[in-house]
Amino acid sequence: MPEIRLDHITKRWNKFYAVDDLNLVIEDNAFVTLLGPSGCGKTTTLRMIAGLETPTSGRITIGGKVVFDSALGINIPANKRKVGFLFQNYALWPNMTVYQNIAFGLSNIKEPHRLSKQEIDEIVHRVAQVVKITAFMDRYPAELSGGQQQRVAIARTLAPEPSVLFMDEPLSNLDAKLRLEMRYELQRLHVETGSTFVYVTHDQMEAMTLATQICLINNGVLQQYDAPLTVYSHPNNLFVADFVGNPSINFIEGRGKQRADGGVELDLLGDKKAVFKPAKPLDLPGWFQDRDAREAKAAEEHQKKAAEKGFVEKANKDEAFRYHIDKVDDEDVSLPEEPVLTNEDLVLGVRPEFIDIVSSGALEGEIYGAMPTGMESTIKVRVGDYLLTGVVFGSTLFTIGSKVHIDVSGDGVLLFDRKSGQCIAQGSLEF
């Protein structure tokens with residue numbers, strides 16, 4: 001199966017950059033999800049790789065063959081790229097049987113030769129067996145359930161044996177139970193077909209459960225490209241940490257400095273004091289120097305680009321991510337005042353599973369809300385004016401208003417730079 005390579009791909013309409021200087025390598029037989037909020041550029045990226053959208057600039061290579069190059073004037077059409085498409089709308093022919101829907105595309109294949117009726121029949125039955133719809137070959141789409149129609153659409157896409165399969169939110173029309181079943185089916189299909197899958201979704205649960213690699217995009221800019229558990233446990237910045245994870249991560253603002261022993265003393269949650277202990281040796285002043293050097297280099301490179309002929313300034317500017325601090329009384333952020341930030345302004349990221357209710361816990365709080373689901377309960381604990389979300393496994397019942405003591409366990413607590421939003425280190429937190 002081919003490797004897909006994107007080099008400095010940009011797509012803009014006038015001054016709006018849908019995709020901004022994207023560099024990406026999709027390995028052979030990978031299952032890559034393009035993840036991000038609505039309007040971030042993930043579908044545009046998919047369409048450019050497939051040949052349905054023409055990039056403004058850059059180069060796209062599929063299997064060592066250049067399919068687009070703005071500098072050389074190369075733009076191979078979609079029907080020559082040997083790729084398959086699966087969209088939210090299945091687009092099955094209502095007047096054709098399942099067999100005829102799958103066979104329709106095969107009858108139009110001319111290269112390397114036209115397929116005989118026997119060859120078409122063999123391919124149709126083979127892909128129908130893969131997606132388990134052999135019993136429905138004589139039925140019409142109206143006689144099938146949503147999940148069965150989805151399988152027909154997959155079989156029709158797989159029939160021409162595409163080297164790459166593109167999927168744009170194909171499960172969004174299904175109910176929750178069927179969506180879960182189809183995720184298992186797509187995982188199985190990926191292994192059995194050996195194809196490269198590129199899957200667009202805004203559902204981070206789909207991305208986490210299906211992908212071998214997640215490509216997380218925001219405002220047209222690549223934020224992180226890693227394995228799902230790496231994205232979850234080691235996010236590059238505040239946006240990635242916030243977008244991936246359900247329930248969402250707890251953000252706690254703090255001010256502090258690094259001690260001689262490497263720990264970072266912090267004032268947080270109003271009047272509480274804590275120490276962040278990095279899992280690996282950390283030179284915080286040195287990290288800030290590197291950050292400033294990176295920002296200066298980026299500004300210099302931007303000035304050079306701005307001086308080039310034909311440069312267009314980005315209208316949808318990249319802004320610092322506005323994370324949410326959960327409080328009892330939420331502040332009005334409609335007209336926020338930009339704070340003057342220093343190197344002492346930091347943000348902690350604590351996943352809900354690291355919030356433990358223990359009798360010896362250092363923080364005293366009260367249960368503000370509880371949602372039991374049987375296997376686990378999602379709780380909100382009030383600490384002063386702040387709310388912390390936790391996940392407690394088991395069938396424990398919590399009473400609203402009851403007093404509890406909590407601790408932050410594990411070494412997966414994240415320390416972020418508030419100014420740049422970048423992740424500084426991972427470690428533990430002690431109160």
Side-chain angles (χ1 to χ4, degrees), residues 1-36 39-85 162-168 195-200 207 211-227 230-231 236-237 240 294 297-314 316 318:
M1 292 298 109
E3 174 189 84
I4 302 172
R5 183 178 293 272
L6 280 67
D7 296 305
H8 300 288
I9 288 295
T10 295
K11 177 64 180 180
R12 63 175 175 82
W13 287 276
N14 297 322
K15 294 184 178 181
F16 181 85
Y17 282 69
V19 178
D20 187 4
D21 195 29
L22 176 62
N23 293 286
L24 192 67
V25 177
I26 299 174
E27 301 289 347
D28 298 354
N29 196 29
F31 196 135
V32 172
T33 54
L34 303 177
L35 176 66
C40 72
K42 53 189 185 293
T43 295
T44 302
T45 300
L46 180 84
R47 290 174 61 84
M48 287 191 292
I49 302 173
L52 302 177
E53 197 78 58
T54 303
T56 305
S57 61
R59 178 186 176 99
I60 301 175
T61 306
I62 300 179
K65 181 180 180 181
V66 177
V67 296
F68 177 83
D69 192 312
S70 58
L72 299 177
I74 298 172
N75 190 13
I76 295 176
N79 62 343
K80 302 291 185 181
R81 297 191 185 187
K82 202 180 179 184
V83 297
F85 306 96
S163 55
V164 184
L165 182 58
F166 296 108
M167 294 173 279
D168 191 356
S195 297
T196 300
F197 282 19
V198 184
Y199 188 103
V200 166
T212 58
Q213 295 280 108
I214 289 178
C215 173
L216 187 50
I217 302 172
N218 187 37
N219 197 34
V221 178
L222 178 64
Q223 303 294 316
Q224 189 161 352
Y225 183 49
D226 271 312
T230 302
V231 173
N236 285 347
N237 53 47
V240 176
R294 289 193 302 268
K297 184 179 180 181
E300 184 181 343
E301 290 177 351
H302 180 76
Q303 285 183 341
K304 287 181 180 179
K305 283 186 178 180
E308 295 175 359
K309 185 179 179 180
F311 174 78
V312 177
E313 189 68 42
K314 189 175 182 179
N316 48 318
D318 299 318

May I ask you to decide if Asn23's main-chain N or O and Tyr225's side chain share a donor-acceptor pair within less than 3.5 Å?
no

What one should report as the nearest heavy-atom pair of Ser57 and Phe68 is C-CE2, 4.3 Å

Reference residue Arg59; test side-chain contact (heavy atoms from CB on, under 4.5 Å); the match among Leu72, Leu6, Val67
Leu72

Is the shortest side-chain heavy-atom distance between Leu222 and Cys215 below 4.5 Å?
yes

For Thr33 and Ala207 the tightest heavy-atom approach is OG1-CB, 3.5 Å

Can you find a pair of side-chain heavy atoms, one from Val198 and one from Val164, that are under 4.5 Å apart?
yes

From CG (Asn218) to CG (Leu35), nearest 0.5 Å
10.5 Å

Chi angles and distances behind the side chain to side chain contact (heavy atoms under 4.5 Å, CB included) call for Asp318, Val221:
CA-CA 9 Å; Asp318 299 318; Val221 178; 3.7 Å; yes

Any heavy-atom pair between the side chains of Glu3 and Val25 that's under 4.5 Å?
yes

Can you establish whether the number of heavy atoms outside Asn79 located under 6.0 Å from its atom CG is more than 12?
yes

For the pair Asp69 (side chain) and Ala71 (backbone), establish whether a donor and an acceptor sit closer than 3.5 Å, ignoring hydrogens and angles.
yes

For Ser195 and Asn29, work out which heavy atoms get closest and say how close.
O-OD1, 3.2 Å

To check you understand the geometry: which heavy-atom pair defines the closest contact between Val19 and Gly41, and what is its length?
CG2-O, 3.7 Å

Would you compute the distance between atom CG of Leu34 and atom CG of Leu22 and round it to the nearest 0.5 angstrom?
8.5 Å

Rounded to the nearest 0.5 Å, what's the gap from CG on Asp7 to OG1 on Thr61? Could you check?
6.0 Å

One thing to verify: whether Lys305 and Asp21 come together as a salt bridge, which I'm taking to mean a side-chain N less than 4.0 angstrom from a carboxylate O.
yes

Nearest heavy-atom pair of Ile60 and Met48: which atoms, and what distance?
CD1-O, 3.5 Å

Check: Asn316 side chain, Tyr17 main-chain N or O, donor-acceptor pair, under 3.5 Å:
yes

Should the pair Phe311 and His302 be assigned to parallel (<30°), tilted (30 to 60°) or perpendicular (>60°) ring geometry?
perpendicular

Has Arg12 got a side-chain atom pairing as donor or acceptor with Asp20's backbone, closer than 3.5 angstrom?
no

Short question: side chain of Lys42, backbone of Gly36 - any donor-acceptor pair under 3.5 Å?
yes

State, with a plain yes or no, whether a side-chain heavy atom of Leu52 is found less than 4.5 Å away from one of Phe166.
no

Smallest heavy-atom separation, Gln223 atom then Ile217 atom, equals CG-C, 4.3 Å

When rounded to the nearest 0.5 angstrom, what is the spacing between NZ in Lys11 and CZ in Arg47?
9.5 Å

What do the steps show when you test Asn236 against Leu216 for side chain to side chain contact (heavy atoms under 4.5 Å, CB included), and what is the final call?
CA-CA 11 Å; Asn236 285 347; Leu216 187 50; over 6 Å; no

